[in-house]
Amino acid sequence: MKTSRLLCALLLIATAVPALAVTKTLVLPPDGVQLKASPLPGYAKAQVNCVACHSAEYMLYQPATAPRGYWESMVKRMQVVFKAPISDADMPDIVDYLAKTYGSEQPK
Ligand code: HEC
């Protein structure tokens with residue numbers, strides 16, 4: 001009885017250890033990544049509206065093939081789900097900047 005309990009405990013430790021190792025080696029993204037500069041009017045608006053809660057690193061993680069509609073729903077998601085105070089009037093410019101700077105409309 002005692003032995004099986006010990007075995008059980010050892011088994012638990014053995015399965016828990018790899019999980020711990022993964023957590024320990026997790027590398028957090030560097031802070032302070034800036035938005036890519038652009039002459040587009042949406043650049044300044046994105047600086048005001050899009051990096052208050054997280055760094056611009058988040059844009060880099062999106063697929064470069066993401067079309068305009070993807071960015072549009074992303075900006076809407078920030079507004080609706082996370083309560084980002086983005087005015088509807090600024091949205092088209094911001095989406096335009098994002099699609100042309102990080103998405104499918106980037107210059108080749
Ligand atoms: C009010 C705070 C806030 C503002 C302002 C904000 N975001 Fe976010 N954003 C978040 C949160 C919270 C997450 C989810 C974080 C996580 O999952 O770790 C997120 C995640 C993201 C992601 C990662 C993909 C995803 O769906 O999780 C992208 C890309 C992004 N935001 C883009 C933007 C853009 C573009 C703007 C400006 C239009 C913006 N954010 C403004 C809070 C905000």
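Atoms within each ligand, like the ligands themselves, are counted from 1 in listed order.
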Could you list the atoms of ligand 1 found under 4.0 angstrom from a heavy atom of Asn49?
-> 5 (C), 37 (C), 41 (C)
Kindly compute the distance separating CD (Glu105) from OG1 (Thr65), expressed to the nearest 0.5 Å.
-> 12.5 Å
Between Tyr61 and Glu57: side-chain donor-acceptor atoms closer than 3.5 Å | yes
Sub-4.0 Å atoms of ligand 1 with respect to non-hydrogen atoms of Val75 = 38 (C)
Nearest-0.5 Å distance that lies between atom NZ in Lys36 and atom CG in Leu60 = 6.0 Å
Side chain, backbone, both or neither: the part of Ile86 lying under 4.0 Å from ligand 1 by heavy atom = side chain
Is there at least one protein heavy-atom neighbour under 4.0 Å from atom 18 (O) of ligand 1?
-> yes
Report the distance from atom CD of Gln79 to atom CD1 of Ile94, rounding to the nearest 0.5 Å.
-> 9.5 Å
So NZ of Lys45 and CG of Asp90: to nearest 0.5 Å the spacing works out to 4.5 Å
Proximal protein heteroatoms (N, O or S) of atom 8 (Fe) of ligand 1, under 2.8 Å | His54 NE2, Met78 SD
About how many Å separate CE of Met78 and CD1 of Ile86, when rounded to the nearest 0.5 Å?
-> 8.0 Å
Using a strict 4.0 Å cut-off to heavy atoms of Gln62, name the atoms of ligand 1 that fall inside it.
-> 23 (C), 24 (C), 29 (C)
Enter the distance from Leu40:CG to Asp96:CG here, rounded to the nearest 0.5 Å.
-> 5.5 Å
Side chains of Ser38 and Tyr97: closer than 4.5 Å at any heavy-atom pair?
-> yes
Within a distance under 4.0 Å of any heavy atom of Leu98, pick out the atoms of ligand 1 and give their elements.
-> 35 (C)
Polar contact flag, side-chain donor to acceptor under 3.5 angstrom, Gln47-Tyr43 | yes
